[in-house]
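One-based numbering, in listed order, for ligands and for the atoms of each. All figures in this text were calculated on a predicted structure; none of them were measured in a lab.
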Amino acid sequence: MIKKYTIAMLEGDCIGPEIMREAVKVLRVIEQQSGVTFDLQYAPFGGKAYFDTGKAFPDETKAVCDRADAIVKGPIGLSHADSQRIPVDEQPERGALLPLRRRYNTFANFRPVYLPPELAHFSPLKARVVEGGIDMMMIRELVGGLYFGRKEEGVNAEGKRYVNEVLEYDEDQIRQIMHIAFKESRKRKKVLHNIHKSNVLKSSVLWNAVLDEVAPEYPDVVVKHAIVDAAATALVLNPRQFDVMVMENMFGDILSDLGGGLLGSLGLMPSACVGPEKAYYEPSHGSAPDIAGKGVANPYSMIGSIALMLEKSFGMEKEAQQIMNAMRKVFGSGYTTADLKDPEGKSQVIGTAEFGDKVVAALLH
Ligand code: NAD
């Protein structure tokens, strides 16, 4: 029987459509090679969607996503100036991204921070620090905490404007992300770094208490604790000490961008956002308005997100690995994208479409 999957394609803003095009080229090769059919259904989402339809996450897009087996999402967001032209609650993150995450309860965000040994020179860190490459999995809780808590704003009794945003987690939310993190650790080096701020935040005290309750179910996994601020320093000084890291929503937002910095570019950061019934896949980075329309964006993050979809939503591990190997081969053959350009000019800089074409060629040969 021919297998067919329906995929909602949300191209997003700025560099979104540019990098999505390259990911689709790669997906079409996988289609030919595997015999699996992918029915791609495009739908508006983000800042452009707001200007075209009046909604950042239009109802028709919700319907497309509801029907799909998986969702692929390009980065969304506009330049600061363009964002100001949109009412606050319809601005892309608040109007589209957070509602998407809430709709499918995509609580488990996998953010691989990966540089194979032969590409360690992409990292801005000294060679001795990244010798052997970088390979960690940041797991970020994605639908709780400060980003999803109650919000209130107004004018207080003294006539001053104020805002109140609540950082809230219940124990079930923490438990479910812990199970994800322990299971991932089991597949890897069996060491889990728990990132928290329990010296200050009560939310972290509960976070750690729940971790202690879950840990006995995974006696083969060693748990190490790091306070988030110290973890930021440790990531830069010695990233190779980390394997799987688990953290709440905002810590994960910030530390995973630091992860992109360790690799040399956010363009090397794909991600998977997984819920109980549906998952969506997106680069970890934003829509990069500063380089949009120039054909220079690095599509690795988007193509890598497609690979994560094949692995996690469709059980196509072999094909996912082939894609990652093909991208590694392109970089390993002396090509680079502009974001990773080396100062000595040893690598040949290629554009977004050229990178996609070379990945396709590597998959075909
Ligand atoms: P950004 O992640 O878009 O860009 C930060 C820097 O990284 C820029 O210099 C950019 O050129 C570079 N960069 C990012 N992706 C790249 C790629 N694939 N190739 C080469 N270089 C790349 O962050 P920002 O500029 O702070 O945000 C821009 C917009 O994106 C904002 O509107 C923000 O709200 C939004 N945003 C969206 C998401 C999302 O869709 N999940 C995430 C973060 C930010």
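- With a heavy-atom cut-off of 4.0 Å, P289 touches ligand 1 through its side chain alone.
- Between H196 and F251, the ring centre distance reaches or exceeds 6.0 Å.
- Note on ligand 1: I15 sits in its first shell, one or more heavy atoms being nearer than 4.0 Å.
- In this structure, atom 10 (C) of ligand 1 lies nearest to the protein heavy atom D290 OD1, 3.4 Å.
- Considering each of A297, A338, G286, the one bringing a non-hydrogen atom nearest atom 2 (O) of ligand 1 is G286.
- Residue A288 holds the heavy atom nearest to atom 3 (O) of ligand 1 of all those in A288, G267, P92.
- By the 6.0 Å contact criterion, NZ on K25 is enclosed, its count of non-hydrogen atoms from other residues, nucleotides or ligands being greater than 12.
- The nearest heavy-atom contact from the protein to atom 36 (N) of ligand 1 is E93 OE2, 3.0 Å.
- Among protein heavy atoms, atom 6 (C) of ligand 1 sits closest to L266 CD1, 4.3 Å.
- Looking only at heavy atoms of the protein, atom 31 (C) of ligand 1 is closest to L78 O, 3.8 Å.
- At least one heavy atom of K73 sits closer than 4.0 Å to an atom of ligand 1.
- Under 4.0 Å from ligand 1, the heavy atoms of L97 that appear belong solely to its side chain.
- Shown here, atom 26 (O) of ligand 1 is out of close reach of the protein: none of its heavy atoms lies under 4.0 Å off.
- With a 4.0 Å heavy-atom cut-off, ligand 1 is reached by the backbone of N298 and by its side chain too.
- Among the atoms of E282, some N or O lies under 3.5 angstrom from an N or O of ligand 1.
- Summary of contacts: the protein heavy atom closest to atom 35 (C) of ligand 1 is I76 O, 3.1 Å.
- Centroid-to-centroid, the aromatic rings of F355 and F331 come within less than 6.0 Å.
- Within the set S301, S287, G261, the minimum heavy-atom distance to atom 30 (O) of ligand 1 is found for S287.
- Here the protein heavy atom with the shortest distance to atom 22 (C) of ligand 1 is I291 CD1, 4.1 Å.
- The distance from atom CG of L263 to atom CG of L268, rounded to the nearest 0.5 Å, is 5.5 Å.
- Residue S83 places no heavy atom under 4.0 Å from ligand 1.
- Here the two rings, on Y104 and Y280, have centers that are 6.0 Å apart or farther.
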